[in-house]
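Data first, discussion second: the structure below is written as structure tokens.
The structure displayed is predicted, hence computed values, not measured ones.
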Amino acid sequence: LVTAARQLFGYRGFHASISYDNDSAALAPPRRATALTHARSRHLALIVANGPRFGGGFLIAPHASIDDGRLDVVRIADGSPWRRMAVFSAATRGTHLAAPEVSSRPTGALTLTFDAPPIFQADGELHQAETSTVVVRCTAGALRLAVAAR
């Protein structure tokens with residue numbers, strides 16, 4: 001909790017722009033209107049989720065489904081430390097989507113552009129991007145599972 005509080009009050013956020021793939025964004029209307037389709041703005045977090053939960057219990061993308069062929073992009077704009085705390089707390093219950101700092105949109109692919117190559121987390125592991133532009137795509141049906149018949 002102490003570490004989380006330090007981050008909530010000391011983290012400086014980052015600038016990034018988001019471009020959604022036009023074809024995949026047309027699969028469904030945005031779950032919440034967003035004017036940040038191509039704009040560079042300051043963010044507290046950008047989450048690209050295939051499933052609804054991460055981080056041991058955060059319901060970060062409540063509408064995400066691992067089998068719909070889309071990713072859910074949750075954008076959290078930077079705000080005051082007190083607003084950060086409110087959004088952080090709401091994210092444990094999945095109610096953060098109602099906050100004015102938060103928007104969510106399904107897409108099949110997107111391009112994120114940062115000021116410098118970002119460090120990012122993917123499936124619990126840290127990575128360093130090679131360039132300041134990161135392209136993320138969902139490949140529907142790419143994972144095949146073998147399960148026992150019931």
Side-chain angles (χ1 to χ4, degrees), residues 1 3-4 7-8 11 13-79 84-150:
L1 290 175
T3 300
Q7 287 300 314
L8 285 173
Y11 182 64
F14 59 93
H15 285 94
S17 63
I18 307 169
S19 296
Y20 297 94
D21 179 298
N22 287 333
D23 293 331
S24 59
L27 291 172
R31 290 199 179 109
R32 184 159 171 186
T34 176
L36 298 172
T37 303
H38 297 286
R40 180 179 182 273
S41 59
R42 189 164 198 80
H43 298 82
L44 178 61
L46 283 172
I47 298 97
V48 181
N50 196 22
R53 294 188 180 273
F54 82 174
F58 286 93
L59 189 55
I60 198 67
H63 304 293
S65 172
I66 61 170
D67 61 358
D68 66 359
R70 295 181 292 191
L71 300 165
D72 280 44
V73 181
V74 179
R75 178 199 166 274
I76 304 174
D78 198 8
R84 290 176 177 190
M85 192 176 315
V87 171
F88 181 78
S89 174
T92 62
R93 300 177 308 277
T95 59
H96 61 293
L97 297 182
E101 301 89 348
V102 180
S103 64
S104 177
R105 178 186 179 122
T107 189
L110 68 150
T111 301
L112 304 168
T113 305
F114 301 90
D115 293 338
I119 294 173
F120 63 95
Q121 188 255 87
D123 200 22
E125 295 184 18
L126 285 178
H127 301 274
Q128 173 75 55
E130 294 181 13
T131 67
S132 60
T133 300
V134 177
V135 177
V136 184
R137 289 187 183 90
C138 184
T139 305
L143 180 63
R144 299 194 191 280
L145 300 174
V147 296
R150 291 186 195 216

Below 3.5 Å, can you tabulate the donor-acceptor pairs from side chains in residues 131-139 to any protein atom, sequence neighbours excluded?
from, atom 1, to, atom 2, distance (Å)
T131, OG1, T133, N, 3.4
T131, OG1, T133, O, 2.9

What residues, two or more places apart in sequence or in another chain, satisfy side-chain hydrogen bond (donor to acceptor under 3.5 Å, both in side chains) together with H15? R42

Would you say S89's side chain and A86's backbone share a donor-acceptor pair under 3.5 angstrom? no

Would you give the length of the straight line joining atom OG of S41 to atom CG of L46, rounded to the nearest 0.5 angstrom? 8.0 Å

Rounded to the nearest 0.5 Å, how far does CG of L126 lie from CD of Q121? 6.5 Å

Over all atoms of both residues, closest heavy-atom pair of A49 and A64: O-CB, 4.5 Å

In short, G94 meets P62 closest at the heavy-atom pair O-CG, 3.5 Å

Give the minimum heavy-atom separation between A16 and H43, together with the two atoms involved. O-CE1, 3.2 Å

Considering residues, nucleotides and ligands other than D115, do more than 12 of their heavy atoms fall under 6.0 Å from its CG? yes

Using the side chain to side chain contact (heavy atoms under 4.5 Å, CB included) criterion, which residues pair with Q128? Sequence neighbours excluded. P117, I119

Ring of Y11, cation from R84 - is the NZ or CZ under 6.0 Å from the centre and inside 45° of the axis? no

Euclidean distance, D72 CG relative to I47 CD1, rounded to 0.5 Å: 11.0 Å

What distance separates L112 CG from S17 OG, expressed to the nearest 0.5 Å? 8.0 Å

Rounded to the nearest 0.5 Å, what separation is found between the CG atom of N50 and the CG atom of D123? 10.5 Å

What are the two closest heavy atoms between L97 and V102, and how far apart are they? CD2-CG1, 3.7 Å

